[in-house]
A.B. asks: 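Here it is, the structure in full.
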Amino acid sequence: MNCNPLQTTLQSPRHSIQLKNPIVPASGTFGNGSIVHSLYDINQLGAVLTKSITVEPRSGNPSPRIYETPSGLLNSVGLENKGLPWFLEEVQPFLLSLETSKWVSIAGFTIEEFETLAHVMDTLPIDALEVNVSCPNIHANGVQFCQNMAVLEETLRRVRKATHHFLIAKIALETNPLSQALDIIEQENFDAVCIGNTIRGIAIDAETRKPFFHKIFAGLSGPAIKPIALRVVWEAYDSHPTLPIIGCGGIQCASDVIEFLAAGATSVEVGTLNLVDPFILPRLIQDLETYCCTHQIDLPNTIGSAHHSLR
Amino acid sequence: MIKTNGEIIEHQCIAKHIFLLSLRYPESNLIVEPGQFVQLSCPGKHTTLLKRPFSVFDASPNIVSIVYKVVGKGTTNLSEKRVGDSLEMILPCGNPFSIPQEGGLNVLIGGGLGIAPLHFLTKYYPKPPFEFWYGTSYEEEWIPANLLQRSGIDLHIHADFSTSNHHSLQFPENLLQKYQKESTTSPTKIYCCGPTKLMQNVTKHCMEKNIPIEVSLESRMACGFGICLGCSFLTKDGMKTVCKDGPTFDGSNVIWESLT
Ligand SMILES: Cc1cc2nc3c(=O)[nH]c(=O)nc-3n(C[C@H](O)[C@H](O)[C@H](O)COP(=O)(O)OP(=O)(O)OC[C@H]3O[C@@H](n4cnc5c(N)ncnc54)[C@H](O)[C@@H]3O)c2cc1C
Ligand SMILES: Cc1cc2nc3c(=O)[nH]c(=O)nc-3n(C[C@H](O)[C@H](O)[C@H](O)COP(=O)(O)O)c2cc1C
Ligand code: FES
């Protein structure tokens with residue numbers, strides 16, 4: 001057994017990044033790290049990933065923004081953030097002071113915005129750039145970038161040209177056709193895929209019989225979506241076994257992490273559970289260590305093992 | 001802010017659907033101040049995922065008390081808990097009220113369960129004189145006055161339930177009107193907590209009279225400590241989170257329309 005059984009490597013033909021462990025906070029559920037760093041040392045995490053940053057400041061959607069569902073959460077935060085100049089001034093120094101893998105999430109509403117963000121981020125000594133292509137494209141009637149294959153291809157190509165960084169495409173779980181989107185991600189020399197973002201849902205207030213959220217649609221996350229995220233990871237590994245996958249959706253305990261790895265993920269992102277328990281991530285790391293000891297395994301051997309078991 | 005387990009040491013129904021709950025936790029040296037809140041997990045027969053925010057009604061070393069109303073899944077679960085049961089909680093969350101001025105007159109206006117943080121303010125700072133105006137929309141939801149009354153507090157209860165069903169629909173307006181009509185003092189500061197409409201009206205009154213006003217806001221929350229932006233709203237100083245930048249705010253900075 002390896003002396004660090006949790007160590008994992010995201011390895012693409014161009015790049016590789018090594019993580020102390022596979023546990024990464026999901027974008028938007030960890031602030032920019034500094035609040036959580038005052039609770040525990042976030043350098044112990046596999047990587048730190050920021051809230052999605054946009055070129056312009058955004059005040060996000062009107063309240064209410066949160067609606068609890070059975071085992072899940074609908075959110076309508078609407079990518080609130082203070083914009084790129086603020087990020088460079090306020091978030092960057094903290095992020096760069098960390099001693100673990102440093103990832104930044106970017107979000108755009110046009111291809112040009114993605115390109116601008118990637119270009120600016122190229123100058124920073126970060127370890128990876130996560131490209132949130134689950135955003136609505138304002139030039140395509142709000143259709144998500146990952147749902148229109150021509151737009152996805154163009155976006156990824158221009159982002160890839162703008163930066164040398166390790167690039168992760170974060171797609172929606174509903175991405176269709178999935179296999180074609182993954183082909184594009186590989187062809188455009190992205191280094192990994194994150195599967196995935198929240199699933200679109202709505203809530204209706206039974207008292208008023210009106211939509212609960214001003215924007216009607218909101219993103220479903222949390223344990224309720226785990227089987228779906230796991231299924232998409234499974235299909236992605238099946239069709240694209242060499243593309244590193246970061247699994248995300250509903251993880252709440254170490255066995256959930258193991259399930260994602262066995263389905264084909266190399267690392268995972270944990271979102272909603274940070275909001276339930278701010279100390280969840282260090283506990284996951286500890287519990288994974290225990291799991292590896294009791295099962296006498298290294299995590300890398302677990303990746304895709306549920307598929308191998310069928311052969 | 002810590003995560004801990006609180007053991008229920010007191011749990012009693014004090015009015016219809018309203019309970020007083022006290023929890024003892026092991027950590028000493030934790031400072032919990034008036035205006036702050038706890039994020040309490042509410043497990044039980046109704047499945048819940050998120051913790052629920054409740055203002056601190058009272059606190060002493062190792063003990064925190066809340067007063068809550070049963071409104072939905074989590075609070076129904078909570079009402080079925082017994083002394084000796086244990087609940088996970090995160091505390092203290094948010095910023096406390098500013099310190100009331102000693103010698104000055106501090107007016108407290110609380111509607112419904114908005115009295116919780118105001119009650120703790122009067123206990124935490126026993127010296128400054130307080131004038132406490134309290135009202136609810138349902139007669140049967142009155143918190144017993146003996147829980148609020150203490151020396152140094154001039155307690156005024158708004159009890160206008162002349163409308164049907166012992167229900168005062170206009171209570172946010174009426175409570176303020178009663179205060180405006182009957183109070184003969186000039187406050188150094190007003191603290192207000194309750195329905196948004198009440199806090200908005202009281203803020204308007206204070207701005208007209210040039211009286212400093214501090215409010216304690218509520219919002220739907222997920223994390224309760226500033227990382228999800230689920231409770232952000234617009235203020236005159238830009239976007240703020242109720243949970244981390246508040247819940248206590250200078251009322252004159254709040255853009256009330258953004259809270260609804
Ligand atoms: C800072 C803060 C302090 C609070 N202090 C107290 C307190 O001292 N005592 C008390 O009884 N309640 C307080 N609340 C409100 C309390 O958090 C909610 O009543 C509780 O979360 C409802 O949970 P539930 O599972 O029973 O309701 P759910 O089943 O989740 O929802 C039922 C109904 O409750 C209301 N509700 C749900 N969440 C909230 C919320 N966060 N704020 C307001 N209304 C909500 C909605 O109208 C909803 O229709 C406070 C809220 C905040 C943000
Ligand atoms: C409150 C909230 C805010 C989010 N903000 C972002 C964001 O800014 N960018 C992004 O790519 N994903 C965002 N997400 C999606 C999460 O990163 C994650 O993909 C999703 O919640 C599924 O994982 P989970 O079930 O573990 O939460 C957000 C999710 C939540 C709940
Ligand atoms: S509830 Fe998460 S930021 Fe306030």
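Proteins come first, then strands; the chains are lettered A, B, ... in the order of their sequence lines, and each starts at number 1.
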A.B. asks: Can you tell me if F19(B) has over 12 outside heavy atoms packed within less than 6.0 Å of its CZ?
C.D. replies: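 Counting neighbours around CZ of F19(B), more than 12 heavy atoms of other residues, nucleotides or ligands fall under 6.0 Å, so yes.
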A.B. asks: Using heavy-atom distances under 4.5 Å, tell me whether T48(B) contacts chain A through its side chain, its backbone, both, or neither.
C.D. replies: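 The answer is both parts of T48(B).
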A.B. asks: Compare every heavy atom of S59(A) with every heavy atom of M239(B), then report the nearest pair and how far apart it is.
C.D. replies: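 Looking at all heavy atoms of both residues, the shortest contact is CE-O, 3.3 Å.
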A.B. asks: Answer yes or no: is there a side-chain heavy-atom contact under 4.5 Å between T47(B) and S71(A)?
C.D. replies: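 Touching, per the 4.5 Å side-chain cut-off.
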A.B. asks: Above 12 or not: heavy atoms from other molecules or residues under 6.0 Å from NZ of K82(A)?
C.D. replies: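 Atom NZ in K82(A) is not crowded, with 12 or fewer foreign heavy atoms closer than 6.0 Å.
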A.B. asks: Can you say whether T29(A) sits under 4.5 Å from chain B via the side chain, the backbone, both, or neither, judging by heavy atoms?
C.D. replies: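 Answer is backbone: N, CA, C or O of T29(A) sit under 4.5 Å from chain B.
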A.B. asks: Look at atom CD of E56(A) and say whether more than 12 heavy atoms of other residues, nucleotides or ligands are closer to it than 6.0 Å.
C.D. replies: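 It does not: E56(A) CD has 12 such atoms or fewer within range.
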A.B. asks: For residues A222(B) and I66(A), report the shortest heavy-atom separation together with the two atoms involved.
C.D. replies: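 Taking A222(B) first and I66(A) second, the nearest heavy atoms are CB-CD1, 3.8 Å.
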A.B. asks: How many angstroms lie between CD in Q252(A) and CG in L49(B), if you round to the nearest 0.5 Å?
C.D. replies: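 Atom-to-atom, Q252(A):CD and L49(B):CG are 7.5 Å apart.
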A.B. asks: Which heavy atom in R65(A) sits nearest to a heavy atom in G230(B), and how many Å separate them?
C.D. replies: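 Heavy-atom minimum between the residues: CB-O, 3.4 Å.
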A.B. asks: Which answer fits L259(B), side chain, backbone, both or neither, if we ask what part of it has an atom under 4.5 Å from a heavy atom of chain A?
C.D. replies: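 For L259(B), backbone heavy atoms alone lie under 4.5 Å from chain A.
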A.B. asks: List the atom of K51(A), the atom of L229(B), and the distance in Å for their closest heavy-atom pair.
C.D. replies: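 Looking at all heavy atoms of both residues, the shortest contact is CE-CD1, 4.4 Å.
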A.B. asks: So, taking the atom named CD1 in I90(B) and the one named CG in L39(A), what distance separates them when rounded to the nearest 0.5 Å?
C.D. replies: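 Reported value, rounded in 0.5 Å steps: 8.5 Å.
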A.B. asks: Can you tell me how far CD1 of I280(A) sits from NZ of K3(B), rounded to the nearest 0.5 angstrom?
C.D. replies: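 Between atom NZ of K3(B) and atom CD1 of I280(A) there are 7.0 Å.
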A.B. asks: Between P223(A) and chain B, with a heavy-atom cut-off of 4.5 Å, which part of the residue counts as in contact: side chain, backbone, both or neither?
C.D. replies: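 Contact with chain B is through the side chain of P223(A) alone.
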A.B. asks: Which bit of P62(A) is near chain B, if near means a heavy-atom gap under 4.5 Å: side chain, backbone, both or neither?
C.D. replies: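 No part of it gets close to chain B.
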A.B. asks: Which atoms of S76(A) are under 4.5 Å from chain B, going by heavy atoms: the side chain, the backbone, both sets, or neither?
C.D. replies: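 Answer is neither: S76(A) stays 4.5 Å or more from chain B.
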A.B. asks: Has the side chain of E68(A) got a donor or acceptor atom that lies under 3.5 Å from a matching backbone atom of L50(B)?
C.D. replies: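 Looks like yes, one N/O pair under 3.5 Å.
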A.B. asks: Tell me if a side-chain donor or acceptor on S63(A) pairs with a main-chain N or O of S258(B) at a distance below 3.5 Å.
C.D. replies: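 A pair under 3.5 Å: yes.
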A.B. asks: Taking atom NZ of K244(B) as the centre, report whether more than 12 heavy atoms of other residues, nucleotides or ligands fall under 6.0 Å from it.
C.D. replies: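 Check fails, neighbour count at 12 or below.
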A.B. asks: Roughly how far, to the nearest 0.5 Å, is CG of L275(A) from CE of M221(B)?
C.D. replies: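 Taking CE in M221(B) and CG in L275(A), the distance rounds to 13.0 Å.
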A.B. asks: Are there over 12 heavy-atom neighbours, none belonging to K210(A), within less than 6.0 Å of that residue's NZ?
C.D. replies: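 Count not over threshold, so no.
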A.B. asks: Would you mind checking which part of F30(A) comes under 4.5 Å of any heavy atom in chain B, side chain (CB onward), backbone (N, CA, C, O), both or neither?
C.D. replies: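 The backbone, not the side chain.
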A.B. asks: Is chain B contacted by the side chain of N81(A), its backbone, both, or neither, given a heavy-atom distance below 4.5 Å?
C.D. replies: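 For N81(A), there is no contact with chain B at all, as no heavy atom is under 4.5 Å.
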A.B. asks: For atom CD1 of I9(B), decide whether the heavy atoms of other residues, nucleotides or ligands shown that lie under 6.0 angstrom number more than 12.
C.D. replies: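 Atom CD1 in I9(B) is packed in, count exceeds 12.
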A.B. asks: Please check if atom NZ in K20(A) has more than 12 non-hydrogen atoms from other residues, nucleotides or ligands closer than 6.0 Å.
C.D. replies: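 Result for NZ/K20(A): enclosed.
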A.B. asks: Heavy-atom pairs under 4.5 Å with chain B - which of V36(A), L73(A), N75(A), D277(A) has more of them than the others?
C.D. replies: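 Heavy-atom pairs under 4.5 Å are most numerous for D277(A).
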A.B. asks: Could you tell me whether E27(B) atom CD has more than 12 heavy atoms of other residues or ligands within 6.0 Å of it?
C.D. replies: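 Counting neighbours around CD of E27(B), more than 12 heavy atoms of other residues, nucleotides or ligands fall under 6.0 Å, so yes.
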A.B. asks: What residue, out of G224(B), C231(B), S41(B), C223(B), has the most heavy-atom pairs lying under 4.5 Å from chain A?
C.D. replies: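 Ranked by heavy-atom pairs under 4.5 Å with chain A, first place is C223(B).
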